[in-house]
Amino acid sequence: MDNIYEPQIVKITKIEEQSPTVKVFRLEKIGGKFKKGEEGLVFRPGQFVLVGQIGYGESPLGPLSSPYENKYIEIAVRKTGTVTNYLHSLKEGDEVTLRGPYGNGFPLDFMEGKDIVCATGGCGIPPISALVEYIIKNKEKFGRVYVLYGARTPEELLMKEKMEDWKKDGIKIILTIDKPDKNWKGQVGFVTDLVKEIDIDEANAVATMCGPGPMMGALEKVLRPLGISDRRIFVSMERKMQCGVGKCQHCTTGKKYVCLDGPVFNYDEIENNWD
Ligand SMILES: Cc1cc2nc3c(=O)[nH]c(=O)nc-3n(C[C@H](O)[C@H](O)[C@H](O)COP(=O)(O)OP(=O)(O)OC[C@H]3O[C@@H](n4cnc5c(N)ncnc54)[C@H](O)[C@@H]3O)c2cc1C
Ligand code: FES
């Protein structure tokens, strides 16, 4: 994506309210397209970009749009503090800064030829969305693909329309809600209760987990019973970040830097280091 160290000014061309606290922003490069890397991708699913504004700061966010799309990238932003509240105050046509992509992303080559289980909750869905878009474009290289996604309430489930499209492309989606309303007809309970729904070749499967720290510990209870070895479980970690490029030490987990060595780690590299 051009010079990854230099913030570029991008325009917000579309904003969609996905839930009471999450908006999806479409960002377009002014006067051109985003540059693709060697793999033909604008970013690797699981990488992050830093989006913000001079005077407010920047937030690491995982793009959710197809990594093949170079006219725009889309991010989902949950309102939590200074930068994300600022982003939520913006309108279509406003401009923000963007730099990146940073980090490693999911090990796409290693995942080829395998069944894939993506377990996530709440606002952990964006990197999974980019991964699923990648898989759909390269369908013949992957086995069965499951997305297990949980949210507290039906209104907090993100990207419902996108998931309907994924289903048409053969992705198996299993949703669960913690606190259903009267219209909810799907599963009730935690993501951890979904394991019984999955039919994979566990000896040849890869799992990915994305979400807030406490949820990751719980997700482990989904993946372990499936028999997928730790070596084939990949976790995307969220940490406070500043520089994004290994200089400020804000993002350490154990001896690793989430911005440089991650954000995607092998499960056995970071076990018990969620928070
Ligand atoms: C690799 C990566 C990908 C991410 N992808 C997304 C995404 O797609 N969508 C999304 O909404 N959020 C994502 N996050 C989390 C997002 O970066 C933070 O919520 C955001 O930076 C908070 O900034 P703020 O200035 O609004 O909050 P602050 O005012 O700095 O803090 C508000 C609260 O958020 C916590 N917080 C601050 N920074 C982070 C952080 N980096 N990770 C987790 N908690 C944090 C603080 O501890 C505090 O409790 C991602 C984080 C990482 C590291
Ligand atoms: S964010 Fe600065 S070292 Fe990782």
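Position 1 is the first residue of the sequence; numbering continues from there. Read the numbers this way: they start at 1 and go in the same order the structure lists the ligands and their atoms.
At a cut-off of 3.5 Å, with distance as the only test, a side-chain donor of N138 or Y68 sits close to an acceptor on the other residue.
Inside a 4.0 Å radius of atom 48 (C) of ligand 1 there is not any protein heavy atom. For atom 44 (N) of ligand 1, no protein heavy-atom neighbour is present inside the 4.0 Å cut-off.
For ligand 1, none of its N or O atoms has an N or O atom of V77 under 3.5 Å away. Annotation: G81 places an N or O atom under 3.5 Å from an N or O atom of ligand 1; distance criterion only. The shortest N or O to N or O distance between M241 and ligand 1 is not under 3.5 Å. The shortest N or O to N or O distance between L61 and ligand 1 is not below 3.5 Å.
With rounding to the nearest 0.5 angstrom, the OG1 atom of T252 is 11.5 Å from the CG atom of L260.
Residue R78 qualifies as open at atom CZ: its count of foreign heavy atoms under 6.0 Å is 12 or below. E38 CD: 12 or fewer foreign heavy atoms inside a 6.0 Å radius.
Taking 4.0 Å as the cut-off, I75 does not count as a neighbour of ligand 1 on heavy-atom distance.
Here is the list of ligand 1 atoms found below 4.0 Å of a heavy atom in C123: 9 (N), 10 (C), 11 (O). Within ligand 1, counting atoms from 1 as listed, the ones closer than 4.0 Å to a heavy atom of P263 are 1 (C). Heavy-atom proximity to S59, at under 4.0 Å, picks out these atoms of ligand 1: 20 (C), 21 (O), 22 (C), 23 (O). The distance from ligand 2 to the heavy atoms of G246 drops below 4.0 Å at these ligand atoms: 3 (S). Every atom of ligand 1 with a heavy atom of R78 under 4.0 Å away is listed here by number and element: 10 (C), 11 (O). In the vicinity of R239, heavy-atom distances shorter than 4.0 Å reach the ligand 1 atoms 40 (C), 41 (N), 42 (N), 53 (C). For ligand 2 and Q242, the ligand atoms under 4.0 Å from any heavy atom of the residue are 1 (S). Contact atoms of ligand 1 toward P126: 8 (O) (distance under 4.0 Å to a heavy atom of the residue). For ligand 1, the atoms lying closer than 4.0 Å to a non-hydrogen atom of G62 are 3 (C), 4 (C), 5 (N), 6 (C), 7 (C), 8 (O). Below 4.0 Å from some heavy atom of K240 lie the following atoms of ligand 1, by number and element: 30 (O), 36 (N), 37 (C), 38 (N), 39 (C), 40 (C), 41 (N), 46 (C), 47 (O).
Between F234 and F110, the gap from one ring centroid to the other is short of 6.0 Å.
In this structure, the side chains of V77 and H88 come closer than 4.5 Å at one or more pairs of heavy atoms. Side chains of M159 and Y149 form no contact here, defined as non-hydrogen atoms less than 4.5 Å apart. The side-chain heavy atoms of L87 and F25, taken from C-beta on, include a pair separated by under 4.5 Å. Looking at heavy atoms from C-beta onward, Q242 lies out of side-chain contact with Q249 at the 4.5 angstrom threshold.
When all heavy atoms of I228 and A205 are compared, the closest pair comes out as CG2-O, 3.6 Å. In terms of heavy-atom proximity, L27 sits nearest to F34 at O-CE1, 3.6 Å.
Regarding atom 15 (C) of ligand 1, its nearest protein heavy-atom neighbour is E238 OE1, 3.5 Å. Counting only heavy atoms of the protein, atom 17 (O) of ligand 1 lies nearest to P60 O, 2.6 Å. Remark: minimum distance from atom 29 (O) of ligand 1 to any protein heavy atom is reached at T82 N, 3.0 Å. With hydrogens left out, the protein atom closest to atom 25 (O) of ligand 1 is V83 N, 2.9 Å, a heavy atom. Among all protein heavy atoms, the one lying closest to atom 3 (S) of ligand 2 is Q249 N, 3.2 Å. With hydrogens left out, the protein atom closest to atom 1 (S) of ligand 2 is G244 N, 3.3 Å, a heavy atom. Of all protein heavy atoms, the one lying nearest to atom 26 (O) of ligand 1 is T84 OG1, 2.5 Å.
Between Y134 and F142, the two ring planes are perpendicular [angle over 60°; tilted spans 30° to 60°].
Of all the listed residues (L87, I125, T80), T80 holds the heavy atom that lies closest to atom 22 (C) of ligand 1. With atom 7 (C) of ligand 1 as the reference point, the heavy atom nearest to it among G57, C210, A76, S236 is part of A76. Across the listed options C251, G103, C248, C248 owns the non-hydrogen atom lying nearest to atom 2 (Fe) of ligand 2.
Y146 places a side-chain N or O within donor-acceptor distance of the main-chain N or O of D199, the cut-off being under 3.5 Å. Of the possible polar contacts, none joining the R239 side chain to the H250 backbone as a donor-acceptor pair under 3.5 Å is found. Listed for the T120 side chain is a donor-acceptor partner under 3.5 Å among the backbone atoms of C210.
Look at R152 and D178 and you find no salt bridge, because none of the NZ, NE, NH1 or NH2 atoms lies under 4.0 Å from a carboxylate O.
Inclusion of C259 in the first shell of atom 2 (Fe) of ligand 2 is not supported: no N, O or S atom falls under 2.8 Å.
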